[in-house]
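Structure first, then comments.
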Amino acid sequence: MTIHLAARPADTLIVFDFETTGLSPDMGDRSIEIGAVLIENGQITRRFQQLMNPGVRIPLFIENLTGITNRMASEARKNAEVMQEFFEFIDGHNLVAHNASFDERFLRAEFKRIKRSFNGGIACSLLASRRLFQQAPNHQLVTLVEYKNLPSEGIYHRALADAEITAHLWLSLLEELQTRHELAAPSFAFMAQLCKTPKHQLPKLLSAAAQV
DNA sequence: TGCCAGGCCCTCTTTAGGGCCTT
């Protein structure tokens with residue numbers, strides 16, 4: 001698989017999270033909230049959060065899960081307008097999400113509707129956590145907050161809150177590589193490679209990187 | 001109203017099945 005990396009500093013990226021009406025854009029599900037943070041030099045320097053009005057009904061299960069009601073969505077701006085703003089917020093940066101394959105499907109589906117496309121790299125904090133935090137009870141975001149004592153307001157299933165937690169998780173993963181595996185400032189390209197490296201090949205990847 | 005997907009990853013595997021994750 002070819003990874004197309006955006007022309008940005010390796011330590012500068014955007015962590016994002018969608019709240020949606022369900023699990024599959026191919027089945028008609030839509031985004032109802034986008035949250036994102038920009039990480040620069042190990043710090044969150046910008047934040048983005050917007051509710052969206054997708055024009056479809058939000059299931060009761062999702063209302064209860066997220067606290068985002070049909071009334072809230074109906075009073076929000078249309079998806080197209082918000083997603084155009086988010087496209088501009090991304091501004092060519094590489095992206096990170098927890099279980100990124102899920103958020104990437106919604107990102108591409110929403111961008112396709114406004115005739116935009118994302119050509120940067122997307123890395124996954126879930127896949128990286130499974131490799132670097134193998135002793136964690138599981139790799140749900142809520143579990144990893146407790147396992148790694150990550151900063152959290154105790155809010156879950158809201159886009160900005162989950163994006164901020166994922167950002168702290170990502171920084172924790174980078175710290176793990178730097179302290180335990182003695183890698184100097186792992187690049188985004190290295191993290192993307194780590195995400196797709198089979199577990200049994202991890203020691204080889206890490207030892208090779210440590211010698212660079 | 002109720003339901004839906006898909007990629008990863010392990011194993012009792014690879015001509016497969018099922019749990020984990022995301023909403």
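Throughout, protein chains are lettered first and strands after them, A, B, ... in sequence-line order, and every chain is numbered starting at 1. When reading the values below, keep in mind they use all heavy atoms of this one structure, side chains included, and skip hydrogens, waters and symmetry mates.
- Distance check on atom P: B:dG2 versus B:dC20 gives 26 Å, rounded to whole Å.
- Note: CZ (A:Arg105) to C1' (B:dC8) measures 12 Å, nearest angstrom.
- Of the residues in residues 139-164 of chain A, those with a non-hydrogen atom less than 4.0 angstrom from any atom of DNA chain B are A:His139, A:Gln140, A:Leu141, A:His157, A:Asp162.
- Pairs of residues two or more places apart, or lying in two chains, that qualify as side-chain hydrogen bond (donor to acceptor under 3.5 Å, both in side chains) and include a residue from residues 122-133 of chain A are A:His98-A:Ser125.
- Separating the CG atom of A:Leu23 from the C1' atom of B:dC20 is a distance of 13 Å, rounded to the nearest angstrom.
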Review item, side-chain donor-acceptor pairs of residues 23-31 of chain A, under 3.5 Å, at least two apart:
unit_1	atom_1	unit_2	atom_2	d
A:Ser24	OG	A:Asp26	N	3.3
A:Ser24	OG	A:Met27	N	3.3
A:Asp29	OD1	A:Thr21	OG1	3.2
A:Asp29	OD2	A:Leu23	N	3.0
A:Asp29	OD2	A:Ser24	N	3.0
A:Arg30	NE	A:Glu110	OE2	3.1
A:Arg30	NH2	A:Glu110	OE1	3.0
A:Ser31	OG	A:Glu110	OE2	3.3

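- Taking atom CG of residue A:Asn99 and atom C1' of nucleotide B:dG7, one finds them 8 Å apart after rounding to whole Å.
- Salt bridge status for A:Arg46 with A:Glu40: absent, with no side-chain N to carboxylate O gap under 4.0 Å.
- No engagement by A:Asp103 is indicated, since no non-hydrogen atom pair under 4.0 Å with the nucleic acid exists.
- Of the residues in residues 67-82 of chain A, none lies under 4.0 Å from DNA chain B by heavy-atom distance.
- In this structure, A:Phe106 atom CZ and B:dG7 atom P are separated by 13 Å, rounded to whole Å.
- When the C1' atom is used for both B:dC10 and B:dC4, the distance is 26 Å, rounded to whole Å.
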Pick out the pairs of N or O atoms, protein on one side and nucleotides 9-13 of chain B on the other, that lie under 3.5 Å.
unit_1	atom_1	unit_2	atom_2	d
B:dC9	OP1	A:Arg131	NH1	2.4
B:dC9	OP1	A:Arg131	NH2	2.3
B:dC9	OP2	A:Arg131	NH2	3.1
B:dC10	OP1	A:Lys199	NZ	3.3

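- Taken residue by residue, residues 52-62 of chain A places heavy atoms nearer than 4.0 Å to DNA chain B at A:Phe61, A:Ile62.
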